[in-house]
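Only one structure is covered here, and it is reproduced in the block below.
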There are 2 protein chains.
Amino acid sequence: MGNTTCNCQDCQLKDIFFSNIKTDELLNICDLKVEKQYSKGESIIQEGDLITEFLYMKEGLVKLSKTAINGKDQIISFSKPFDFVSLLSVFSSSQYKYSVTAIEETTVCILQLSVVKNFAQENALFVMDIMAHISEITDNIIHDNLEIKRKHLKGRIAHVLLYFSDYIYKNDEFELPISRREIAEYIGMTTENVIRTLSEFRKDEIIKIVGKDILIVDKKRLKSISEFG
Amino acid sequence: MGNTTCNCQDCQLKDIFFSNIKTDELLNICDLKVEKQYSKGESIIQEGDLITEFLYMKEGLVKLSKTAINGKDQIISFSKPFDFVSLLSVFSSSQYKYSVTAIEETTVCILQLSVVKNFAQENALFVMDIMAHISEITDNIIHDNLEIKRKHLKGRIAHVLLYFSDYIYKNDEFELPISRREIAEYIGMTTENVIRTLSEFRKDEIIKIVGKDILIVDKKRLKSISEFG
DNA sequence: CGCGGCTTTGATGTTCATCAAGTAAAGTGG
DNA sequence: CCACTTTACTTGATGAACATCAAAGCCGCG
């Protein structure tokens, strides 16, 4: 992790996130801000940590997870910038309820929570903006979970592949940012069956696999499996 | 459904929900408010409806659900007052994303959304309060879904029984407010297997069942099944 | 180089969905 | 209010989907 300064004028999040902040206020907030970099696999937030900072993703890809009583991890969702994943507990709890881990090189901007809270208390539009974002994020999580719940193993794997292809990488060829075990933790199945299903898709020439590199050959069929299989 | 006037001074939600509203503003809002009653099974909100009103539950019990592409319903969660279930989309979308249906006699208070939005825009603390509530609701939904996901059929049924016993009715004896099919829609299993598992619990003398009346006889064992079974 | 974690495949048994068929309960129209 | 229809509930039999156990190859890292 390294710290660098950040020019907020160029920040791609500014327009959406700080649309209600006047320029001079923005400059002030900018001075208090620190950027932090996390490499693949590094923990950004640990479930149970006290919330003292306000984080948002500038770049990268992370997973949101929780450890069950039996010690097993469950992955709740993945997030790229604009999903503002750490927001979920930030105004409603003193502790984080989920862990956030980088699954690709990730850059995070950090403000002291007190600064943001003070600002929020006098700027209802800003809070409404954040609230709208939080609602969107959680709606997506809930919707995704329902979709996974109603599908069988094959449909779930197809769903995950299409998620990374269509939503994250916008490309039929990509490198899976997570392990087979993590896919299993996400869709609630065993690692072995995740592998078996991927192999089956390969044999059926729906995808090509070389290690973590995935190429979707027959997207039509994959979509059909995701919806009905 | 019938309309009656409502004395906001006595409203049990007031302290939590409107803690940031001054008394004279409250009186004003009170005049604009309407109460509506729904009987068991009646639809309160239909997925896709335009959001023109601001609703909150005064009394009762509801289910939150969504219809999948295949036409099958999935139940997301249940809510009693203070859970403010309809809030989920209210500030972030123009349409409801879920359906809300009364599963017990339910009373709802209704305000025009524009009135609340105008008020919110000038009262950051009020918005922060609502946001904290929304976060809590969604955290609970996500947590619950994860718990159900990691459990097997028996554990899921035990989970549901304990949910109604401990959280909703606070009593070891209660009347199930939902059908076997709805339990299946909630935990993502078939109706037949829900019934089979309930019958098994009855045979093992963990519960007693007469129609919809449930009596939990061996709560210790039920908890153990919920956690490890 | 060896250890641990990730990946892969196979064999086996359990869990669960599906199909079928019947009873009970609840709503509907004459 | 009773016949009729529909919906909810229940149990059993069967096969498919999936977890578990086992074993081996692979890769990266200290």
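Each chain gets a letter, A, B and so on, in the order its sequence line appears, and its residues count up from 1.
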Q: Look at the side chain of A:Asn193 and decide which nucleotide, out of D:dA19, C:dC6, C:dT18, has an atom nearest to it.
A: D:dA19
Q | Protein-nucleotide distance (A:Glu175, atom CD; C:dC6, atom C1'), rounded to Å | A | 15 Å
**Q.** Audit row: B:Lys219, B:Asp166, salt bridge (charged side-chain N to carboxylate O under 4.0 Å, His left out) steps and yes/no
**A.** CA-CA 10 Å; B:Lys219 184 168 265 188; B:Asp166 290 346; 2.7 Å; yes
Q: Grab the NZ-P distance between A:Lys149 and C:dA17 for me, whole Å please.
A: 13 Å
Q. For B:Leu176 and D:dT10, what is the distance between atoms CG and P respectively, to the nearest whole Å?
A. 11 Å
Q: Could you say whether A:Glu182 or A:His152 is positioned toward the 5' end of DNA chain C, judged by the nucleotide with the nearest heavy atom to each?
A: A:Glu182
(Q) Check this for me: does any side-chain nitrogen of one of A:Lys66 and A:Asp73 sit under 4.0 Å from a carboxylate oxygen of the other? (A) no
Q: Please state how far atom NZ in B:Lys154 lies from atom P in C:dT14, giving the value in whole angstrom units.
A: 13 Å
Q | Between A:Tyr186 and A:Phe78, ring centroids under 6.0 Å | A | yes
Q: Could you work out which one of C:dC16, D:dC9, D:dA22 sits closest to the side chain of B:Leu153?
A: C:dC16
Q.
Please pick, from D:dA22, D:dT10, C:dC6, the nucleotide with the shortest atom-to-atom distance to any side-chain atom of B:Ile195.
A. D:dT10
Q: State whether B:Lys58 and B:Glu35 are salt-bridged, where the test is any N-O pair (Lys NZ or Arg NE/NH1/NH2 against Asp/Glu carboxylate O) under 4.0 Å.
A: yes
Q | Atom-pair distance (CZ on A:Arg181; P on C:dT8), nearest Å | A | 14 Å
Q. To the nearest Å, how far apart are B:Ile225 CD1 and C:dT15 P?
A. 13 Å
Q.
Could you check whether B:Arg202 pairs with B:Glu205 (Lys NZ or Arg NE/NH1/NH2 to Asp/Glu carboxylate O, under 4.0 Å)?
A. no
Q | Contacting residues from residues 196-215 of chain B, given that a heavy atom lies under 4.0 angstrom of DNA chain C | A | B:Arg196
Q: Could you tell me the separation between the CD1 atom of A:Ile183 and the P atom of C:dC6, rounded to a whole number of Å?
A: 13 Å
Q) For C:dT8, does either OP1 or OP2 sit under 4.0 Å from a side-chain N or O belonging to A:Arg180? A) yes
Q.
Taking B:Ser224's backbone N and O only, do any of them form a donor-acceptor pair with B:Glu227's side chain (distance below 3.5 Å, no angle check)?
A. no
(Q) Regarding B:Glu200 and B:Lys154, does a basic nitrogen lie under 4.0 Å from an acidic carboxylate oxygen? (A) yes
Q) Which nucleotide in the set D:dC9, D:dC18, C:dT18 lies at the smallest distance from any side-chain heavy atom of B:Thr190? A) C:dT18
Q: Choose from D:dA22, D:dA19, C:dC19 the nucleotide whose nearest atom is closest to any side-chain atom of A:Met189.
A: D:dA19
Q.
Among D:dC18, C:dT9, D:dC9, which nucleotide has an atom closest to any side-chain atom of A:Glu192?
A. C:dT9
